[in-house]
Amino acid sequence: TPEVSLNEVLAKANNGDIIKLASGDYPVNVALNITNAVTIIGTGYQNCKISQTPGSSELDQDGSGRVIILNNANAVVKGVTISGGHLSNYFRKGSGAQILKGHLTECRITGNTVGKSPNNPCGLGVSIEGANAKVSRSIIDGNFYNGSRTKGGGVYISNGVIENSLVAGNGADIGGGIYRSGGKIINCTIVDNKSSTKGGGVHCENSKGAFIINCLFKGNEALSDPCW
C-alpha cells in the first residue's frame, strides 16, 4: 500500500521476488535503487505513481533528486508513473529513471526536470545507459527545461534500446525528445518535442550504424535539425 516505504520493502526483497503495488502515490525521499532481480508491478500508470519528494534527503544543495535507479539485468518495473525527479549536478543522468541494466515497461515518465543550478544534466525523463537496459511500451512526456545545458528532454540513450514507445511534448537545450550517443530507437513515435538549439525530436551525437528503425516523427521543433 502507499503507506509502506518502497525502499524498506526493496531492502528486504530477494532475487526473483515480485512486488505488487496497489493504486496510489508512492513518494520516495531517497532514489529507489533496484539492484536485485526483482519485479515491481503497479496497477497501471494511470493509477500508480512513484515520485520524488521535494525537500527530501536525496536532494543536494542544488535541489537534485532522482526517482528510480534500475541496475540489475533481470529487474523489471512495470505499470507505474515516474514523476518529480530533478537533477542538477554535472552530467548526472536520468531525473526520472536511470536504467543501467533492466527493463522498464508499460510505464509513464512525466513531470521530471532539473534542479536549481543545472549543469549538463542528461535525460530529464529517463537515461538508458547499459547493454542490458531497455524501455518498452511506455510514454515519456512532459519532461522539460527551457534553459541551457540540458541534453535529452525525454530520453538520453548511450546504450541499450527504447522500443514501441511514445516520446512527446518534452524539451531540452539539445535533443528535445531524445539525445542519442549510442543504443537503438525502434518502433517509436516521436512528436511535438522542442529544442532551444538542435535536434527537436532526436539529436544524434554518433551517427554510425542503423540505430533509428521504423520510427514516426512529427511536429518537433528546433533552431536546427527540426525534423529529427
Point to revise | Heavy-atom side-chain proximity of Leu70 to Val77 below 4.5 angstrom | key: yes
Check your understanding: Looking only at heavy atoms, what is the nearest atom pair of Ser83 and Lys49, with distance?
Key -> CB-CD, 4.0 Å
Review point. In terms of hydrophobic clusters joined by side-chain contacts under 4.5 Å, are Val114 and Ile174 together?
Key: no
Check your understanding: ring pair (Phe, Tyr, Trp, His ring centres under 6.0 Å) with Tyr156: which residues, sequence neighbours excluded?
Key -> Tyr179
Check your understanding: Should Ile19 and Tyr45 be regarded as members of a common hydrophobic cluster, given that ILVMFWY residues are connected when their side-chain heavy atoms come within less than 4.5 Å of each other, either directly or indirectly?
Key -> no
Practice item. Please name the pair of heavy atoms, one in Ser51 and one in Asp25, separated by the smallest distance, quoted to 0.1 Å. Key: OG-OD1, 3.1 Å
Practice item. Calculate, to the nearest 0.5 Å, the distance between atoms NZ and CG belonging to Lys93 and Leu100 respectively. Key: 9.5 Å
**Study point:** Nearest atoms (heavy-atom pairs only) where Glu129 meets Asn159
**Key:** O-CB, 3.3 Å
**Study point:** Any donor-acceptor N/O pair, Ser165 side chain to Cys188 backbone, under 3.5 Å
**Key:** no
Review point. Taking side chain as C-beta onward, heavy atoms only, is Leu21 less than 4.5 Å from Ile50?
Key: yes
Review point. Between CG of Asn71 and CG of Asn33, what distance do you get to the nearest 0.5 Å?
Key: 6.5 Å
Review point. If you look at every heavy atom in Ser196 and Leu223, which pair is closest and at what distance?
Key: O-CD1, 3.1 Å
**Study point:** Arg137 side, atom CZ; Asn187 side, atom CG - distance, nearest 0.5 Å
**Key:** 12.0 Å
Review point. Looking at CD1 of Ile212 and CD1 of Ile185, how far apart are the two atoms once the value is rounded to the nearest 0.5 Å?
Key: 4.5 Å
Review point. Should Ile140 and Thr110 count as side-chain neighbours, where that means a heavy-atom distance under 4.5 Å?
Key: no
Review point. Distance-only, no hydrogens or angles: does the Asn143 side chain make a donor-acceptor pair with backbone N or O of Gly171 under 3.5 Å?
Key: no
Exercise for review: Verify side chain to side chain donor-acceptor pair (under 3.5 Å) between Asn36 and Asn72, making sure each step is shown before the conclusion.
Suggested key: CA-CA 6 Å; Asn36 289 341; Asn72 186 292; 5.5 Å; no
Check your understanding: Below 4.5 Å, heavy atoms only, C-beta onward: do Ile41 and Thr39 meet side chain to side chain?
Key -> yes
Practice item. For the pair Thr105 and Val76, evaluate side-chain contact (heavy atoms from CB on, under 4.5 Å) and give the outcome as yes or no after the intermediate values. Key: CA-CA 8 Å; Thr105 185; Val76 178; 4.3 Å; yes
Review point. If we ignore angles and hydrogens, is there a donor and acceptor under 3.5 Å between the side chains of Ser136 and His103?
Key: yes
Review point. Step by step, would you call Asn170 with Phe144 a side-chain contact (heavy atoms from CB on, under 4.5 Å)?
Key: CA-CA 5 Å; Asn170 304 285; Phe144 60 87; 5.5 Å; no
Review point. Do Ser158 and Ser181 have a side chain donor and acceptor closer than 3.5 Å?
Key: no
Check your understanding: Under a 4.5 Å side-chain heavy-atom rule over Ile, Leu, Val, Met, Phe, Trp and Tyr, are Val9 and Ile40 clustered together?
Key -> yes
**Study point:** pair Cys122-Lys151: side-chain heavy atoms closer than 4.5 Å
**Key:** yes
Practice item. Establish whether Leu216 and Ile213 are linked, either directly or via other cluster members, by ILVMFWY side-chain heavy-atom contacts under 4.5 Å. Key: no
**Study point:** Working for salt bridge (Lys or Arg N to Asp or Glu O under 4.0 Å), residues Asp192 and Lys218
**Key:** CA-CA 7 Å; Asp192 299 328; Lys218 184 179 180 181; over 6 Å; no
Point to revise | Non-neighbouring partners of Lys134 that pass salt bridge (charged side-chain N to carboxylate O under 4.0 Å, His left out), sequence neighbours left out | key: Glu163
Review point. Any side-chain heavy-atom pair from Cys48 and Ser23 closer than 4.5 angstrom?
Key: no
Point to revise | Whether Gln52 side chain and Arg66 backbone form a donor-acceptor pair below 3.5 Å | key: yes
Review point. Between Ile186 and Val161, does a side-chain contact (heavy atoms from CB on, under 4.5 Å) hold up when you go through it step by step?
Key: CA-CA 7 Å; Ile186 303 172; Val161 62; 3.8 Å; yes
Practice item. Give a yes or no answer on whether the side chain of Thr197 reaches the backbone of Asp173 with a donor-acceptor pair at less than 3.5 Å. Key: yes
Exercise for review: Ignoring hydrogens and angles, tell me if any N or O in the side chain of Asn220 forms a donor-acceptor pair with the backbone of Ile190 under 3.5 Å.
Suggested key: yes
Practice item. Say whether Val38 and Val28 are linked into one hydrophobic cluster, either directly or through other cluster members, by side-chain heavy-atom distances under 4.5 angstrom. Key: yes
Point to revise | Ser95 to Asn112 - nearest heavy-atom pair and separation | key: CB-CB, 4.1 Å
Check your understanding: Mind checking whether Ile162 and Ile128 have side chains closer than 4.5 Å, heavy atoms only?
Key -> yes
Check your understanding: What heavy-atom pair brings Tyr145 and Thr150 nearest, and what distance separates the two atoms?
Key -> CD2-CG2, 3.6 Å
Check your understanding: Got a second to check how far Leu10's CG is from Leu32's CG, nearest 0.5 Å?
Key -> 5.0 Å
Review point. Side chains of Arg180 and Phe211: closer than 4.5 Å at any heavy-atom pair?
Key: yes
**Study point:** Asn193 side-chain N/O to Gly175 backbone N/O, donor-acceptor pair under 3.5 Å
**Key:** no
Review point. Is a side-chain N or O of Asn47 found less than 3.5 angstrom from the main chain of Gly44, in a donor-acceptor match?
Key: no
Review point. How far apart are the C-alpha atoms of Leu104 and Ile109, what are their side-chain angles, what is the distance that settles it, and do they pass the side-chain contact (heavy atoms from CB on, under 4.5 Å) test?
Key: CA-CA 10 Å; Leu104 188 146; Ile109 303 172; 4.1 Å; yes
